[in-house]
2 protein chains.
Amino acid sequence: MSTAQGDAPGTGRGRRPVRPSGDDRELAILATAERLLSERSLGSISVDDLARGAGISRPTFYFYFSSKDAVLLSLLDRVVAEADSSMRQVFGTPATSAREGWSRAITAYYETFRRHRALTVAWAEARTTNAEVRALWSSVFERWVQQCAAAIDAERARGAAPQGLPARDLAVALTSMNERVLYATFTGDGPSVPESDVVDVLLGVWLSAVYGAVGDV
Amino acid sequence: MSTAQGDAPGTGRGRRPVRPSGDDRELAILATAERLLSERSLGSISVDDLARGAGISRPTFYFYFSSKDAVLLSLLDRVVAEADSSMRQVFGTPATSAREGWSRAITAYYETFRRHRALTVAWAEARTTNAEVRALWSSVFERWVQQCAAAIDAERARGAAPQGLPARDLAVALTSMNERVLYATFTGDGPSVPESDVVDVLLGVWLSAVYGAVGDV
DNA sequence: TGCGTAACTCGACACCATGTTGACTCGTTC
DNA sequence: GAACGAGTCAACATGGTGTCGAGTTACGCA
């Protein structure tokens with residue numbers, strides 16, 4: 001957050017700038033949004049709340065962002081980058097065992113969203129009303145699905161996993177499960193799995209779905 | 001929508017009533033809501049739209065319902081009743097095989113929501129903003145989870161399924177998967193499983209999760 | 001037949017949130 | 001010191017929600 005305090009525009013050392021710089025204000029808006037989201041729901045936060053929180057008037061807010069959703073999108077970009085990077089890390093490093101590999105993938109997914117709990121919940125809320133948010137979510141989701149499908153195919157190719165459902169369909173179903181279960185766990189409303197067990201439960205289902213051949217029951 | 005046209009309140013055959021009855025209007029609002037929801041999203045439908053669609057003014061709408069969400073809740077009550085009844089039917093009838101039993105349960109779940117596609121999607125949207133909708137959803141979800149958990153325990157008791165994850169956690173995870181996967185399939189945005197395959201895919205995951213013991217991988 | 005009441009209806013209002021406009025300030029640059 | 005661009009906000013336009021109070025209509029009952 002770099003806090004101007006003396007090194008702002010051109011003014012020599014020690015001169016306190018009359019106004020905070022534009023960057024500071026933009027960051028202040030983002031910080032306010034993240035703070036307010038950890039306290040109340042996206043829907044109950046108005047543009048005015050964000051502006052006041054950042055010490056500016058509502059019209060000035062629109063100088064920096066085109067809407068409330070644009071702020072959210074901006075915040076989410078960071079999380080997406082983080083998610084992608086942790087995904088690359090997981091699928092890039094060879095696993096010591098299959099269980100360990102999948103466990104790492106699920107844990108990475110879990111940790112990414114846990115670190116940004118409030119944002120994750122707001123994301124889910126905005127997804128239903130905003131097409132851009134929806135698209136951004138889809139892109140993240142799609143990358144996870146592709147990586148998982150590729151990993152499943154690899155396990156089948158080396159003979160470790162049996163053939164069965166199309167790998168992509170399986171990956172979609174399991175990743176969807178992760179998303180929904182983690183959301184319920186984070187918000188705590190409705191039936192949910194306690195946070196301490198959630199990775200184990202998900203892992204259990206993944207392993208049996210990928211490796212457990214079930215012939216005739 | 002039934003259209004009064006002569007058989008309304010008390011007035012003898014053929015007398016055209018000056019006003020449609022209150023019940024007619026209430027039903028007209030519900031029908032309008034269902035129709036509009038099949039065309040556009042909940043968020044883009046205003047109370048005024050509902051009122052006009054039902055041939056009344058906006059203030060009059062408030063005579064019948066306290067808000068837009070109240071209309072949705074009213075619509076959902078029917079679906080809940082339907083879901084409960086199909087659930088009772090599924091778990092009430094003995095299955096010819098384990099596969100067939102689970103298949104029937106998943107199909108029932110699928111069919112219930114497929115029949116009310118537009119409502120299901122609106123439900124998901126309202127759930128994030130309205131506590132009552134959230135509570136109603138939780139109650140439906142909870143009943144499914146309990147039934148499934150009981151069924152899993154029964155299969156374990158008779159030796160057909162191995163021990164493993166706690167039955168309830170497993171039921172929560174799998175039911176969550178169903179919900180999220182079906183939602184994606186119905187809306188078609190984001191990675192999803194084609195509607196023709198979705199029951200098979202879900203069933204595959206359920207069977208391996210319930211019956212497929214995976215020891216060390 | 002006429003009257004009271006309850007059901008019903010809606011114009012007008014108060015309120016709140018969003019997003020835009022246009023005039024203003026203030027540093028920076030030439 | 002004029003011109004410029006970044007930043008700022010009062011005031012406005014718009015569109016949605018929910019309420020109030022003054023009506024109208026149907027109907028049971030004296």
Side-chain angles (χ1 to χ4, degrees), chain A residues 4-30 32-33 36 40-73 125-126 129-133, chain B residues 4 6-30 32-33 36 40-73 125-126 129-130 132-133:
Chain A
Q5 198 66 317
D7 53 25
T11 41
R13 215 47 312 264
R15 258 296 291 294
R16 172 172 280 136
V18 177
R19 282 184 198 165
S21 83
D23 279 355
D24 284 346
R25 308 230 118 146
E26 187 168 332
L27 290 173
I29 292 172
L30 291 170
T32 303
L36 292 182
R40 42 203 171 100
S41 79
L42 181 64
S44 68
I45 297 170
S46 71
V47 169
D48 203 48
D49 292 331
L50 295 176
R52 285 180 189 287
I56 55 177
S57 73
R58 208 164 51 75
T60 299
F61 167 92
Y62 287 101
F63 180 81
Y64 293 102
F65 293 96
S66 64
S67 70
K68 192 170 72 177
D69 285 347
V71 177
L72 186 60
L73 244 358
E125 185 175 341
T129 54
N130 183 301
E132 281 182 277
V133 173
Chain B
D7 52 25
T11 40
R13 234 2 358 243
R15 255 299 288 297
R16 169 171 285 137
V18 178
R19 276 187 205 164
S21 82
D23 279 354
D24 284 344
R25 306 231 118 144
E26 187 168 332
L27 290 173
I29 293 172
L30 291 169
T32 302
L36 292 182
R40 41 203 173 100
S41 79
L42 181 64
S44 68
I45 297 171
S46 71
V47 170
D48 202 48
D49 293 331
L50 295 177
R52 284 179 189 287
I56 54 176
S57 72
R58 206 166 51 79
T60 300
F61 167 93
Y62 288 100
F63 179 82
Y64 294 102
F65 293 96
S66 64
S67 71
K68 193 169 73 176
D69 285 348
V71 176
L72 186 60
L73 244 359
E125 185 176 339
T129 53
N130 182 303
E132 280 182 277
V133 173

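Order of the sequence lines sets the chain letters (A, B, ...), proteins ahead of strands, with each chain counted from 1. Keep in mind that the numbers below use all heavy atoms, side chains included, and drop hydrogens, waters and symmetry copies. Everything numeric in this text was worked out from a predicted model, so none of it was measured.
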Which letters describe nucleotides 15-20 of chain D, given B = protein heavy atom under 4.0 Å from base, S = only from sugar-phosphate, - = neither? --BBB-

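- For the pair A/F61/A/V71, a side-chain contact is recorded, criterion being any heavy-atom separation below 4.5 Å from C-beta on.
- For residues 46-57 of chain B, the pairs satisfying salt bridge (charged side-chain N to carboxylate O under 4.0 Å, His left out) are B/R40-B/D49, B/D48-B/R52, with sequence neighbours left out.
- With sequence neighbours excluded, the residues forming a side chain to side chain contact (heavy atoms under 4.5 Å, CB included) with B/S66 are B/A70, listed by chain and number.
- The backbone N or O of A/L50 lies less than 3.5 Å from no partner atom in the side chain of A/K68, so there is not a single donor-acceptor pair.
- Rounded to whole Å, atom C1' of D/dT24 lies 13 Å from atom CZ of B/F63.
- At whole-Å resolution of the value, CG in B/D24 and C1' in C/dT9 are 16 Å apart.
- For B/S67, the side-chain hydrogen bond (donor to acceptor under 3.5 Å, both in side chains) test picks out no residue, with sequence neighbours left out.
- For the pair B/T60 and C/dC10, the criterion of a side-chain N or O lying under 4.0 Å from OP1 or OP2 is met.
- Here the straight-line distance linking atom CG of B/N130 with atom CG of B/L73 works out to 6.5 Å at 0.5 Å rounding.
- Here C/dT18 presents its C1' atom at 13 Å from CG of A/D49, a figure rounded to the nearest Å.
- In this structure, CD1 of B/I29 is placed 12 Å from C1' of C/dC8, rounded to the nearest angstrom.
- In this entry the distance linking CG of A/D69 with C1' of C/dG19 reads 14 Å, nearest Å.
- As rounded to whole Å, 14 Å separates atom P of D/dA6 from atom CD of A/E26.
- Note that the two end axes of the helix from C/dT1-D/dA30 to C/dC30-D/dG1 enclose an angle of 20°, each drawn from 5 base pairs, rounded to 10 degrees.
- Every side chain to side chain contact (heavy atoms under 4.5 Å, CB included) that B/A54 has, sequence neighbours left out, goes to B/A28, B/I29, B/T32, B/I56.
- Using a 4.5 Å heavy-atom cutoff, the side chains of A/L30 and A/F65 are in contact.
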